[in-house]
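To start, the structure under review is shown below, and the notes come after it.
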Amino acid sequence: MISLSHYLVVSGMLFALGLAGVIARRNILIVYMCLEMMLSAANLALVGFSRFHLVNGLPDYTAQSLVFFTITVAAAEVAVGLAIIVALFRSKQSVDVESVTKLQG
Amino acid sequence: MPPLLFYLLALITLGFGFMVVTGRNPVTCALSLAASFVGLAALFLSLDAYFIGIIQILVYAGAVMVLFLFIIMLLDIKAEEHKKLNLAPIISGIVVAVLLVVQIFAVATSTGLAGKTAQNTPLELAEAVGKLGKAALPTITNDLKAGTLPDVKLIGFTLFEQYGFHLQVVGLLLLVGTIGVVVLSKREKGGAQ
């Protein structure tokens with residue numbers, strides 16, 4: 001039978017995939033995609049808890065409101081982040097994270 | 001939900017997620033991420049979160065991924081095929097991810113979470129009618145009496161009844177984000193191009 005722990009394990013695996021991508025990849029666009037994947041994994045855990053924590057026989061809609069806010073903030077974050085990437089590409093002609101070394105002194 | 005369907009959707013979500021992490025071509029990665037988000041939206045639907053599932057497809061698979069594809073094609077990024085791999089970040093990424101999965105697996109299966117299935121925590125739509133309190137609007141109670149879950153109506157009620165201020169803050173954040181994007185993407189006077 002599919003229980004809450006199944007959903008949590010899928011959510012954890014998706015988060016770990018995203019984390020591995022953020023650590024291992026050097027293309028800044030793909031790092032960004034992996035960040036989005038981690039946010040979605042957290043959303044899956046929230047929706048899972050929402051479904052299995054019944055309030056008066058209905059799912060807990062506080063958690064789903066939080067997911068709504070997370071998705072909104074993630075959309076804003078993607079827009080700003082991609083604008084920064086475009087600005088970075090204009091100055092460096094590269095999207096490799098190792099090309100950004102100005103702060104190394 | 002049949003267990004087979006859950007495993008199929010989980011496989012779609014995680015398999016395409018794996019392709020995002022390992023793919024060499026950014027366009028392949030972006031399209032894999034869109035497919036992964038569609039699988040995730042189906043998992044949301046299986047958890048009776050219809051509204052969240054739909055906005056997952058509309059916002060993520062629709063808007064965000066199209067933005068990603070636009071930027072990839074605008075910047076004309078070549079696939080990083082001829083670059084050599086550097087092993088240290090890859091190995092550390094795999095090690096951290098495996099450790100995290102092991103930890104989450106231990107936590108998620110050891111406690112009382114494994115006993116919570118859709119069978120022993122069913123939605124009690126008819127019983128919920130009398131306990132709604134302020135949310136007992138005719139449109140919601142009629143849906144509950146008819147045996148359907150008024151998912152969007154209940155989320156809307158929660159958002160506007162309890163989190164109205166937060167909703168306005170998020171709206172302001174979107175406005176600031178829009179202004180920030182315009183400022184960031186404006187070319188400087190006398191810049192390179």
Side-chain angles (χ1 to χ4, degrees), chain A residues 1-10 12-21 23-25 27 29-30 32-34 36-37 40 43-44 47-48 50-52 54 56-59 61-62 64-65 67-69 71-76 78-80 82-87 89-91 95, chain B residues 1 3 6 10 13-14 17-18 20-21 26 29-30 33 37 40 43-44 47-49 52 55 59 63-64 67 71-72 75 77 80 89-90 92-94 96-97 100-101 104-105 108-109 113-114 116-117 119 121 123-124 127-128 131 154-155 158-159 163 166 170 173-174 177 180-181 184-185:
Chain A
M1 232 46 278
I2 301 304
S3 63
L4 174 56
S5 63
H6 286 77
Y7 284 100
L8 291 184
V9 169
V10 170
M13 284 166 81
L14 197 63
F15 189 91
L17 265 177
L19 185 63
I23 295 173
R25 294 307 297 258
N27 188 330
L29 274 163
I30 292 170
Y32 239 79
M33 290 181 204
C34 291
E36 291 305 304
M37 220 156 75
S40 297
N43 285 348
L44 180 60
V47 174
S50 150
R51 170 61 183 82
F52 292 104
L54 297 183
N56 298 331
L58 295 173
Y61 281 104
T62 310
Q64 297 198 18
S65 307
V67 172
F68 176 79
F69 287 128
I71 290 179
T72 321
V73 172
V78 163
V80 175
L82 286 176
I84 293 175
I85 291 175
V86 170
F89 186 81
R90 272 192 198 142
S91 67
V95 285
Chain B
M1 181 171 75
F6 170 81
T13 309
L14 294 173
F18 186 74
V20 176
V21 177
C29 292
L33 190 59
F37 281 158
L40 197 64
L43 282 177
F44 287 154
L47 284 166
D48 296 313
I52 300 294
I55 60 169
V59 174
V64 169
L67 201 60
I71 296 297
I72 290 168
L75 299 186
I77 298 158
E80 41 182 291
I90 293 175
S92 56
I94 292 170
V96 169
L100 189 66
V101 167
I104 288 174
F105 191 83
T109 53
L113 303 171
K116 292 220 174 215
T117 63
Q119 272 67 40
T121 48
L123 299 179
E124 291 157 340
E127 286 83 349
K131 303 174 191 162
L154 284 165
I155 287 186
T158 313
L159 276 179
Y163 302 107
H166 308 72
V170 162
L173 177 78
L174 283 176
V181 168
L184 275 171
S185 43

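Per chain, numbering begins at 1; letters A, B, ... match sequence-line order.
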Most chain A-contacting option - heavy-atom pairs closer than 4.5 Å, from [options]:
options: B:Leu174, B:Val96, B:Val170, B:Val21; result: B:Val21
options: B:Ser92, B:Gly17, B:Ala63, B:Gly177; result: B:Gly17
options: B:Leu173, B:Val59, B:Leu154; result: B:Leu154

Drop me the distance from [X]'s [atom1] to [Y]'s [atom2], to the nearest 0.5 angstrom.
X: A:Met37; Y: B:Phe37; atom1: CE; atom2: CZ; result: 8.0 Å
X: B:Asp48; Y: A:Arg51; atom1: CG; atom2: CZ; result: 5.0 Å
X: B:Thr117; Y: A:Leu4; atom1: OG1; atom2: CG; result: 10.0 Å
X: A:Leu29; Y: B:Ile72; atom1: CG; atom2: CD1; result: 5.5 Å
X: B:Ile155; Y: A:Gln64; atom1: CD1; atom2: CD; result: 4.5 Å
X: A:Ile84; Y: B:Ser185; atom1: CD1; atom2: OG; result: 11.0 Å

Which pair of non-hydrogen atoms, one from [X] and one from [Y], has the smallest distance, and what is that distance?
X: A:Ala20; Y: B:Gly93; result: CB-O, 3.7 Å
X: A:Ala75; Y: B:Val64; result: CA-CG2, 4.4 Å
X: A:Val80; Y: B:Leu184; result: O-CD1, 4.0 Å

May I ask you to name which of [options] has the most heavy-atom pairs under 4.5 Å with chain B?
options: A:Thr62, A:Val95, A:Ile23, A:Thr72; result: A:Ile23
options: A:Pro59, A:Ser40, A:Gly12, A:Ser50; result: A:Ser40
options: A:Leu19, A:Leu8, A:Val47; result: A:Val47
options: A:Leu14, A:Val9, A:Leu17; result: A:Leu17
options: A:Ala87, A:Ala76, A:Ser65; result: A:Ser65

Proximal component of [X], with respect to chain A [non-hydrogen, under 4.5 Å]:
X: B:Leu123; answer: both
X: B:Val20; answer: both
X: B:Leu75; answer: both
X: B:Ile71; answer: side chain
X: B:Leu43; answer: both
X: B:Ala49; answer: both

Contacting moiety of [X], where chain B heavy atoms sit under 4.5 Å:
X: A:Val10; answer: both
X: A:Phe68; answer: both
X: A:Leu54; answer: side chain

Is there a donor-acceptor pair under 3.5 Å between the side chain of B:Lys116 and the backbone N or O of A:Phe52? yes
How about B:Phe6 and A:Tyr7: are their ring centres within less than 6.0 Å of each other? yes
Any residue meeting ring pair (Phe, Tyr, Trp, His ring centres under 6.0 Å) with B:Phe44, in chain and number order, not counting sequence neighbours: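 Residues passing ring pair (Phe, Tyr, Trp, His ring centres under 6.0 Å) with B:Phe44: none at all.
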Enclosure of A:Phe69 CZ (heavy-atom neighbours >12, cutoff 6.0 Å):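 It does: A:Phe69 CZ has more than 12 such atoms within range.
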Heavy atoms of other groups near B:Tyr163 OH, more than 12 under 6.0 Å: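 Yes, enclosed.
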Show the numbers, then the answer: is there a side chain to side chain contact (heavy atoms under 4.5 Å, CB included) between B:Leu47 and A:Leu44? CA-CA 9 Å; B:Leu47 284 166; A:Leu44 180 60; 4.2 Å; yes
